Amino acid sequence: MDLFFRLFPEAWPDWLRVALSAAIPAVLLLTFMAVGPIVYVYAERKIAGFMQDRLGPTRVGPYGLLQTVADAIKLMFKEAIYPTGVDKKLFLIAPCLVVLGAFLAMVVIPFGGKAQVADLNVGLFYVIAVSSLSTVGLIMAGWASNNKYALFGAMRSAAQIVSYEIPAVMILLGIVMIVGSLSLQDIVLYQEGGLTHWLLFRYFPIMPIAFVIFFTAGLAECNRTPFDIPEAESELVAGFHTEYSGFFFAMFFMAEYTEMFVISSVASVLFLGGYWSPLPNHILQHIGPIGLGPLWLIAKAWFLVFVMMWLRWTLPRLRVDQLMYVAWKVLLPISMVLVVLVGGLLMIPATRNGFPWDRWVGWIFTLVIFGALIAWMAGARLSKKRRVQDLAA
Amino acid sequence: MASYGWRVDDLDTDEMILNMGPQHPSTHGVLRLELRTDGEVVRAARPHIGYLHRCFEKHAENVDYPGVIPYTDRMDYVASMGNSLGYALAVETLLKIEVSPYVQTIRVIMAELQRIASHCVAVGTYGMDIGAFTPFLHLLRDREKILDMFEWTCGARLLYNYNWVGGLSHDLPEGFVKACRQFLREFEAITYPELIDLLLKNKIFVKRTANIGVCPVEVAVSYDLTGPNLRGSGPPRDLRKDAPYSGYENYEFQVCVGKGEFGPLGSCFDRNWVRTVEMAESAKIVHQALDRLEKMERADVHEKVPKRVKPPKSEVYSRSEAPRGQLGYFIVADGTGVNPYRVKVKSPCFTAMSVFHVLSRGMYIADIIALIGSLDVVLGEIDR
Amino acid sequence: MIQWFKDVWEGFWTVLVGMKITWRHLFTQKVTLQYPEEKWQLPPKSRMRLFMKYEDCIGCGQCARACPVQCIYIKADKRDPKATPIFAANGQPIKLDVTVFDIDMSLCCYCNLCTYPCPTDCIYMTPEYEFATTDLTNHLYHFAKTGAKFLTVNPKAPAKPAAPPAGAAPAAPATPKPAPPTPAPPNGGTPPAPAGA
Amino acid sequence: MDAARIHQRLSAHLGEGAVAFQADALQPWAVVAPEAIADVAAFCKSDPELSFDNLMCLSAVDYPKETPPRLELVYHLWSYTHSHGFVLKVHLPRESPSVRTVENVWGVANWHEREAYDMFGITFTGHSDLRRILLPDDWIGYPLRKDWVDPDFYNGLHVKPTPQMAERSMAGEKMGVGPFDYTPPNRHVED
């Protein structure tokens, strides 16, 4: 933001310059975030299809690419119905709050050295505060739509998001202790120097567990399987957004996918080294004058989004009390132990900068994972014959 | 602190009547559940059925004996081969017809293939009720292959009118035996182990189904639960073993019984586990039946089909092991008319649903859906 | 306490096993059939739509009696004995003049019970399934047509060599049963033409 | 234990006249007096020798033409322990048939009896909630009786196409599909 601030001539009044320099990145981010769900919905339906041995959307546009554009336009022009007995004002404000909660967290995400809307020195604290804003919106939606199922969905989502923030915050505590600053920019700068310097491989067995816990808590934050209980299709029909239709339904949809991208980008900033490329000493970090920082961050975030979608089409759904059990009895104790361990290890001067084997474990870990994925990909040929008659041939 | 004069239990919230269905994504058809819930916990449940009632028994009295078979197919539309087999066996005992072993073997093959297809739907939709969408589509992909086989043999994919009184409507096409063996090999090699890993061994699925809807044996027998619902609670009661019909005595297979690995015996998980293991058993039976078929010479399938079905004045209650349980036909013939005098069907899902209000007390709402899924009811058969 | 650790580890491990299977299915053969472009050849015996070859119908009404939902309506009256004798393809003399032969496909339950009792095999089910219409009454097919050319010589008669069949039915790709042609509906969808004697 | 010995055991318990036995049918049955059915059922279940713990099927059959015209309740019992079966019958008058419920003996009888009430009008005294199970609650009459005539209207909807409607539609007139208009199934209504 201060980048644009110097662009404007000093003669203008300060409030105008601040307003303008804030407006430009805001508009940029808004378009990026509005286009995002169009891509995610298409990617989700294609991945879901391919995982279930079917093709997914192929009709609208080449390979179904325009499918979500068509959906968006349809939702734009569809009539937004207000059922009787609906609390009109709350019914309208709720989706806006949910979308707001998802967008605001984008402000502090560092896409590049200077490509960050605002480098708040309380970055992490701000992210946690803002992401719980959408809970208010969900409860408002559930309460306002005067429908028993929506009320159930709202109550469940309130309990879920609140109880999953605590393990997430504990893990952030560990990260902040290591890095020493709350600002996301400093966290990313701390992880400079290739894959092995990423916080994911710092204190090797501890930080991957911390990453898994943070990722699970993030899943619960944006109501994704196995924690999609607020809008559990099979029990509560559609949870809090049962009564919404038309553009408001699109807003809920947009908020969910934006929240997914936000959680993934925060996770990749904290654990996967933000906009640094995995190769050491800045190889592939920029080609000529153009920095590839944002590209790397978005690639990592999209891989995590893919993992979220991958989980959605593999796992069944937890029940509400099991959800609470996992949050309070499993994630919380482990994250507390991790925080204490990290604190202790930091105190000992020998392990001040991580275990000695952190350096080469990073490479082995990634190679093992991607190798296994490719190996499984190879053994995937199912029988080509689709009809039984050609089985006989 | 001054006490405000009310005690805690004045504060209990009053109970809410929640209407689940008949328009609900996971009630396996048109079923309305009236739940009295206190927060998430269900205090009492009352199922309302009858939305899909098509007066099967009145139709059966106005159509002649072979004409009833298309109606029996439409009762349990997910496993209609089982229904028409039960009806055909009942009328054959009335007419005292003994069908040739060739036809009996084909009937066993078709019934067991239909059992695999029906259990594919049952286990698949049960996974979807719990939230796992992918296993459902994998199982449907394989069910399509079985429906292809049925269409290849008798021309229809869902409602076959294949088992006639005294024989079959079509003979097996050439190459059927080879294709069926190839399909079964693929089913046992790929689909079955994948289903076990993806769904049944999944910890979340186990946690969601292992200790809910536990149905002790006395309640199961008193409410006449049959088939996988009864075997899930322990007793190995299978009509194909207890009272073998249509040549089941010369195939060996185990009766799959719930083991209660992950929780009390008779839970939703056990019922679903029995259905999954039963699919593998049925595949074994079809293999043995195909071997028998190859050793047999081809008899004409219309040989014993009587021109005019007019049974003498008598009545019979005959039972057969349909995929969902024991399907009983009570047929009264008055010896004069061409139409049956009275056909009463005891459908396994009807009795399975009658135990619902007993099992569903004190459950969560999410478990109610899991319970309906594990009882594997088809509303077409409940409402007839 | 040990159970807690086992639960956590099992929870984590079974998730990974499930993910492995879905990952592998990302790259397996897809089964979607793109309907309008790719069409499946149905097996010859598949029971989709009823067709009746009017030239062979002797008006006996066996099919109407066998139909469980009574969706076949036949009106036939006596042919005057003096008219030239006509025969069906398999040598059956046709003594009744079928004026109305309607099959209401919206009522039909596709059970194929009508094709067996037919003495001349003139009613059979064809694997043609694309007959959706906008108005339900268009599914009432009228097979009785006025200008039908019947066989005036008995094809099964021993003396003379069999005259070639009149080939009145419109040619179409061959289908099951005694290789009868698949028909376009003769005058499907139009209200019944006034049936001439 | 075959049917004859089961019958002896029953008549030994209940006294000779109560249980008439029909041996030569495909599945021999015993006719029980309507007021005695409750304790016959209790005895069948509790007796260690018989131990019929499973009521397979409870069906009602209407015989209007038999003399005297009767409504018959048929209980098909099965014992899992001894794996033998038996059939009990109860003859009821056709006007206002009523019989004791066996719901306390076999739980499944609850829904079977509700269906018998729904379709035949047999009231079961002592039943926990005897109401219609398959038909809508405001349906009049009992459809599975032999002398049942389809009503023409149900809540203002045509139930049966009147002959005139069928003729008009066969003549090609397009019947409008309104809420109360009825597009008859184009069938010949033979009178």
Side-chain angles (χ1 to χ4, degrees), chain B residues 59-60 62-74 84 132-135 137-138 140-142 144-145 148-162 164 169-171 173 176 190 193-207 262 302 305 307-308 338, chain C residues 3 6-26 28-33 40-50 62-71 107-117 119 124-129 175-177:
Chain B
H59 276 306
N62 300 330
V63 179
D64 59 0
Y65 278 93
V68 171
I69 292 182
Y71 286 100
T72 59
D73 284 344
R74 271 130 181 102
S84 48
F133 195 75
T134 318
L137 283 161
H138 290 172
L140 275 198
R141 176 202 63 209
D142 286 300
E144 278 309 308
K145 293 230 167 78
D148 262 358
M149 275 193 260
F150 287 148
E151 182 181 34
W152 188 20
T153 323
C154 62
R157 292 178 68 82
L158 197 66
L159 309 170
Y160 314 107
N161 185 17
Y162 184 66
W164 276 8
S169 66
H170 293 78
D171 201 345
F176 179 87
I190 300 167
E194 255 183 24
L195 169 69
I196 298 272
D197 292 344
L198 191 58
L199 189 66
L200 283 164
K201 285 280 189 289
N202 194 314
K203 189 68 183 165
I204 299 174
F205 182 80
V206 165
K207 268 272 180 272
F262 298 104
H302 295 306
V305 177
K307 261 280 164 278
R308 268 247 159 279
V338 172
Chain C
Q3 182 57 26
K6 215 164 78 62
D7 275 354
V8 170
W9 167 250
E10 245 176 47
F12 182 68
W13 177 249
T14 44
V15 162
L16 291 186
V17 165
M19 285 165 82
K20 175 189 125 186
I21 291 173
T22 31
W23 169 264
R24 213 162 31 145
H25 272 276
L26 267 178
T28 47
Q29 162 82 21
K30 297 296 166 259
V31 290
T32 316
L33 167 77
W40 251 334
Q41 230 291 325
L42 291 186
K45 270 192 269 187
S46 72
R47 319 190 302 232
M48 291 305 159
R49 201 186 67 179
L50 267 171
Q62 290 276 3
C63 50
R65 209 166 294 118
C67 175
V69 287
Q70 291 101 28
C71 71
L107 279 182
C108 171
C109 71
Y110 300 89
C111 63
N112 203 7
L113 277 175
C114 49
T115 50
Y116 292 96
Y124 45 82
M125 296 192 104
T126 58
E128 192 240 322
Y129 53 89
T175 50
K177 292 270 175 197

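Naming: A, B, ... by sequence-line order, numbering from 1 per chain. Everything numeric in this text was worked out from a predicted model, so none of it was measured.
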Checklist outcome for this item: Given C:R47, C:M48, C:M19, the one with more heavy-atom pairs under 4.5 angstrom with chain B than any other is C:R47
Checklist entry - In terms of heavy-atom pairs under 4.5 Å with chain C, which of B:I204, B:N161, B:V63, B:V206 leads? => result B:N161
Next on the checklist: Heavy-atom cut-off 4.5 Å, strictly under: side chain, backbone, both or neither for B:R157 against chain C?
Outcome noted: neither
Checklist entry - Parallel under 30°, tilted from 30 to 60°, perpendicular over 60°: which one fits the rings of B:H59 and B:Y71? => result parallel
Checklist entry - Between C:K30 and C:T28, is there a donor-acceptor pair closer than 3.5 Å when you use the side chain of the first and the backbone of the second? => result yes
Checklist entry - Should the heavy atoms of other residues, nucleotides or ligands under 6.0 Å from CD of C:Q41 be counted, would the total exceed 12? => result no
Checklist outcome for this item: From the list C:V31, C:L113, C:T22, C:V15, the residue making the most non-hydrogen contacts under 4.5 Å with chain B is C:L113
Next on the checklist: Heavy-atom cut-off 4.5 Å, strictly under: side chain, backbone, both or neither for C:P43 against chain B?
Outcome noted: side chain
Checklist entry - Would you call the rings of B:F176 and B:W152 parallel, tilted or perpendicular, where under 30° means parallel and over 60° means perpendicular? => result tilted
Checklist entry - More than 12 non-hydrogen atoms from neighbouring residues, nucleotides or ligands closer than 6.0 Å to NZ on B:K203, yes or no? => result yes
Item to check | Backbone N/O of C:K20 and side chain of C:R24: donor-acceptor pair under 3.5 Å | outcome: no
Item to check | Which atoms of B:K307 approach chain C - backbone, side chain, both or neither, heavy atom under 4.5 Å | outcome: neither
Checklist outcome for this item: Ranked by heavy-atom pairs below 4.5 Å to chain B, first place among C:L42, C:D7, C:V17 goes to C:D7
Item to check | Portion of B:L159 that has a non-hydrogen atom of chain C nearer than 4.5 angstrom | outcome: backbone
Checklist entry - Do you know which of B:Y160, B:Y162, B:F205, B:W164 has the most heavy-atom pairs with chain C at a distance under 4.5 angstrom? => result B:W164
Checklist entry - Within a reach of under 6.0 Å around CH2 of C:W13, are more than 12 heavy atoms found that belong to other residues, nucleotides or ligands? => result no
Item to check | Contact origin within B:T153 toward chain C - heavy atom pairs under 4.5 Å | outcome: backbone
